[in-house]
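These notes are about the structure you will find just below.
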Amino acid sequence: MPQYVVSGIMDDFPKNLTDFRERFSTEESCIDYLISLRWPNGFECPICGKKKMRRTTRGLFECQKCLRQTSVTAGTLFHDTRKPLRLWFEAMWHITNQKYGANALGLQRVLGLGSYHTAWQWLHRLRCAMVRPGRDKLSGTVEIDETYIGGERSGKRGRGADNKALVAVAIEDKSKESTTGKGIGRIRLQLIPNASAESLKDFIKANVNEGSCIRTDGWSGYHSVSTIGYEHVVANSMDLKIAHLSISLLKRWLLGTYQGAVNSTHLSSYLDEFTFRFNRRTSGSRGQLFYRLLQQSLLSDPVSCKEIVGGKATHASTISENVDNLQDIPF
Ligand SMILES: [Zn+2]
């Protein structure tokens, strides 16, 4: 992960399409915007920390002390891209302005990309940036459940089901703090290998702050949750209302946006996109989503992202359909 902090000014984002087009009409304007996000207090050499630099004729920054040359995109999601940043900005604007989700065919059309595969890869790369590195864990009261993606749940839980991917869900119950009566907080989704106690504990530890109250059903895989630093409330399965609601939203979204035809090799990146959209569902402005995605792109590790796009970093089980064969649907 790049060793710097991205902390631009929160309201410095385009307000609408006209504003977007005016602000980012040239490559230089995109570079300047990235500079302001990556180095909000001015350039800082990633090697020696010196603040003085000069711009080279190739648009690089050369540190005046150690003479190391760096670019504003080095070590970010845009590392080594051969396409103009303007096109990446267009892609991010398009994706964040789709209410439900973006598909590769739509992106290909909007950007005028020659290849569907390139559009598909861009989407996957950008989905990597939808998860903020080092994000905060969930806290308070958190409902946990699991669901199979790729068909109806069949067979006994914990034994696995052929051709289905198991996804763990954690979602904050904010009903006690909410005045609007909705009370649903943030969500985390993760592919897990099985519903064993070990897998579920790993998921909980990775996604929920210690000391939080975990609400689950009576599945034996959750029996030892109280031994790893959490309060544990066992509820009737039918009382896990917000977990079930989020699972049905996820399934509907996969079905509506991707016709449910998601290869589980890439399911993780769809889960990331759903999480990004769900956790920002109350965001008042699409421009703010664009800004967030861009900001997180600067923090994304280009190497691990390439692995995700290549499907190396994910779970091995398969679902028969392949996302490459998707008939994109307009929305
Ligand atoms: Zn230096």
Side-chain angles (χ1 to χ4, degrees), residues 1-14 19-93 95-96 111 118 121-137 206 269 272 276 287-310 312-313:
M1 195 191 302
Q3 298 298 306
Y4 51 85
V5 178
V6 170
S7 61
I9 307 153
M10 261 314 290
D11 59 355
D12 185 25
F13 48 79
D19 189 16
F20 172 82
R21 296 231 157 109
E22 275 171 14
R23 290 180 72 148
F24 305 119
S25 60
T26 64
E27 194 66 4
E28 197 55 34
S29 57
C30 298
I31 291 172
D32 285 345
Y33 192 63
L34 287 189
I35 291 171
S36 72
L37 289 183
R38 184 166 174 178
W39 297 303
N41 303 314
F43 172 84
E44 203 169 288
C45 173
I47 301 300
C48 72
K50 180 92 174 169
K51 284 183 170 287
K52 284 203 170 156
M53 57 83 182
R54 69 173 191 94
R55 295 285 288 271
T56 70
T57 47
R58 289 170 55 226
L60 298 173
F61 300 86
E62 187 181 87
C63 171
Q64 289 199 353
K65 189 178 174 201
C66 71
L67 302 182
R68 161 85 176 213
Q69 291 187 343
T70 186
S71 77
V72 71
T73 54
T76 74
L77 192 83
F78 313 110
H79 193 89
D80 285 342
T81 181
R82 271 170 261 144
K83 299 274 190 204
L85 282 171
R86 218 158 52 78
L87 217 53
W88 279 103
F89 275 45
E90 283 276 357
M92 285 185 277
W93 182 261
I95 289 170
T96 48
L111 301 186
T118 304
Q121 281 191 318
W122 277 37
L123 262 182
H124 270 279
R125 269 229 224 180
L126 288 168
R127 286 193 188 106
C128 296
M130 290 182 179
V131 172
R132 183 165 56 87
R135 60 190 174 168
D136 299 334
K137 293 181 183 181
S269 77
D272 291 345
F276 180 82
Q288 201 170 357
L289 291 188
F290 164 81
Y291 171 87
R292 273 275 166 241
L293 184 57
L294 185 56
Q295 198 181 36
Q296 290 175 200
S297 300
L298 291 174
L299 290 167
S300 289
D301 183 337
V303 179
S304 61
C305 189
K306 267 184 200 156
E307 282 171 6
I308 292 169
V309 175
K312 287 177 203 149

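Remember, it's 1-based here, ligands and their atoms both numbered in the order they're listed.
No option in W88, W122, F89 other than W88 meets the ring-ring contact (aromatic ring centres under 6.0 Å, His included) test with F78.
Checked against a 6.0 Å centroid threshold, the rings of F290 and F13 do not count as neighbours. The aromatic ring centroids of F61 and W39 lie less than 6.0 Å from each other.
Listed by chain and number, the residues in a side-chain contact (heavy atoms from CB on, under 4.5 Å) with E22 are T18 (sequence neighbours excluded).
Ion pairing of R23 with D32 is absent here, as no side-chain N (NZ or NE/NH1/NH2) approaches a carboxylate O to less than 4.0 Å.
Counting only distances under 2.8 Å, and ignoring water, the protein N, O or S atoms around the Zn ion (ligand 1) are C45 SG, C48 SG, C63 SG, C66 SG.
When every heavy atom of S29 is checked against every heavy atom of F24, the shortest pair comes out as OG-CA, 3.4 Å.
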